[in-house]
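I have placed the structure first, in the form of structure tokens, so that the comments after it can refer back to it.
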2 protein chains.
Amino acid sequence: MSRKSEDTRARILDVTLNLLESGAPERTRMSDIAKAAGLSRQAVYLHFPNRADLLIAATKRLDEKVDIDATLAESRAATTGAERLPAFIAAWGGHIPVIYPVGRALMAMMATDAEARAAWENRMAAVRHGCAAAVAALARDGDLRPGLTEERATDLLAGLLSVSLWEHLTQACGWSQEDYIDEILRLARTALTGPG
Amino acid sequence: MSRKSEDTRARILDVTLNLLESGAPERTRMSDIAKAAGLSRQAVYLHFPNRADLLIAATKRLDEKVDIDATLAESRAATTGAERLPAFIAAWGGHIPVIYPVGRALMAMMATDAEARAAWENRMAAVRHGCAAAVAALARDGDLRPGLTEERATDLLAGLLSVSLWEHLTQACGWSQEDYIDEILRLARTALTGPG
DNA sequence: CGTCAACTTGACATCGTGTCAAGAAATTGC
DNA sequence: GCAATTTCTTGACACGATGTCAAGTTGACG
């Protein structure tokens, strides 16, 4: 694993992310990626066994770049549920547009590729984990709406923070990111903590 | 257009719906459909120009079968917004599991096929129309939360009633249909009419 | 100089969609 | 009941994309 090989690998991933972000996600065939990286199509296969693995690696690279952990640390710092919920929603909600292009490509592969599906579900499980933590904080404070189990509340919050709903409101309906965050927060609050 | 041709066409559509509903939606290639209908693959192309058109026709056939219009008429009969909202949510929410198998196949095609995308968006526009009507009824009664425009409220309601959210809660999280309806109704009420 | 890793070139297999042409079988019209 | 027309079959083929294989080239480093 020489320096050069690592560089090429990184270049492939960067180029892939660029292609996905630059408007035409259907133009990210293996040959498009290779061309953009200044390589032959086969050279790409020397670094990634298949397209699914390449896309998954690209999401991981993106995570490193934007340091999602640091972003989420902020919400983990909040002690009370009432503070943690908006912090988490702002953090994840703000991260969705960043991962959306590559997430979209992965979601498109899910239909056919089991590996892509597993990778995406794995990422969503991580989000769910964050949801569960926020819900637990609410529960600890006794703020959870009566009759709502923590698990149910987590399901609900994860649903409200799904990429699909974000896509619907911001992409299809044209909401600003700010409006999206505000409305989802309001929704989550009333759904989880009940009226009042 | 003889009787026989119509019959064959209908048989193809029924068989397609059966395949989609019967667990293995990825096993609905043109050849699978043909085999299940007792036809050659090419015969299917004599009735439908391509897979997208076939799936779209299948959704239309499904609509006829379950008479979605009759179902929605019930919600249209409600006069006040407070009555109309739950009626509409129950009607559409109850319809989702019926159209889910074919909707899923169409959604999977959306990534590549522009025609499939247009067909699905067209259907979703119809749902949005129902959402708008329910929102309008609330607005007429003065029940809409202050600061929320009718359009925004419609966006929100359509998002809450999206197939994706239904899929997440009932398929991924295992909620019962009843729990789903209850929770979405509660969410919609608090989101649209505000606390109280 | 020789070796090894990275890369290229070009051919090929596979899968699913969609097309085409020639002919068989069934239905319909007269 | 026969002829015309429609429905369907058989079998071949093109295409686009993924992924594989084999042989050869280039360049760095000891």
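Atom set for the values below is all heavy atoms of this structure, side chains included, hydrogens, waters and symmetry mates excluded.
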If you compare every side-chain N and O of A:Thr8 against the phosphate oxygens of C:dC7 (OP1, OP2), does one of them come in below 4.0 Å?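 So the side-chain polar atoms of A:Thr8 do come within 4.0 Å of the phosphate oxygens OP1 or OP2 of C:dC7, strictly under.
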
Could you tell me how far apart [X] ([atom1]) and [N] ([atom2]) are, to the nearest whole angstrom?
X	N	atom1	atom2	value
B:His47	C:dG18	NE2	P	16 Å
B:Leu46	D:dT5	CG	P	18 Å
A:Lys35	C:dT8	NZ	P	14 Å
B:Glu6	D:dT6	CD	P	15 Å
A:Arg11	C:dA6	CZ	C1'	11 Å

Under the ring pair (Phe, Tyr, Trp, His ring centres under 6.0 Å) rule, collect the residues that match up with B:His95, sequence neighbours excluded. B:Trp92

Please assess A:Glu115 against A:Trp120 for the test side chain to side chain donor-acceptor pair (under 3.5 Å), listing each intermediate value before the final yes or no. CA-CA 9 Å; A:Glu115 203 181 349; A:Trp120 184 251; over 6 Å; no

Axis deviation across the helix from C:dC1-D:dG30 to C:dC30-D:dG1, five-pair ends, to the nearest 10°: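 That helix gives 0° between its end axes.
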
Any carboxylate oxygen within less than 4.0 angstrom of a Lys/Arg side-chain nitrogen, looking at B:Lys35 and B:Asp32? no

Qualifying residues under salt bridge (charged side-chain N to carboxylate O under 4.0 Å, His left out), relative to A:Arg189, sequence neighbours excluded: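 Scan of A:Arg189 (salt bridge (charged side-chain N to carboxylate O under 4.0 Å, His left out), adjacent residues dropped) gives none.
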
Tell me whether B:Glu151 at atom CD has more than 12 heavy atoms from other residues, nucleotides or ligands lying less than 6.0 Å away.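 Count not over threshold, so no.
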
Find the distance between OH (A:Tyr100) and CG (A:Leu20) and round it off to the nearest 0.5 Å.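 If I round to the nearest 0.5 Å, the distance is 11.5 Å.
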
Which letters describe nucleotides 10-20 of chain D, given B = protein heavy atom under 4.0 Å from base, S = only from sugar-phosphate, - = neither? BBB----SBBB

Residues sharing A:Leu46's hydrophobic cluster, by side-chain heavy-atom contacts under 4.5 Å among ILVMFWY, directly or via others? none

Considering only residues two or more places apart or on different chains, which pairs with a residue in residues 8-21 of chain B satisfy salt bridge (Lys or Arg N to Asp or Glu O under 4.0 Å)? B:Asp14-B:Arg61, B:Asp14-B:Lys65

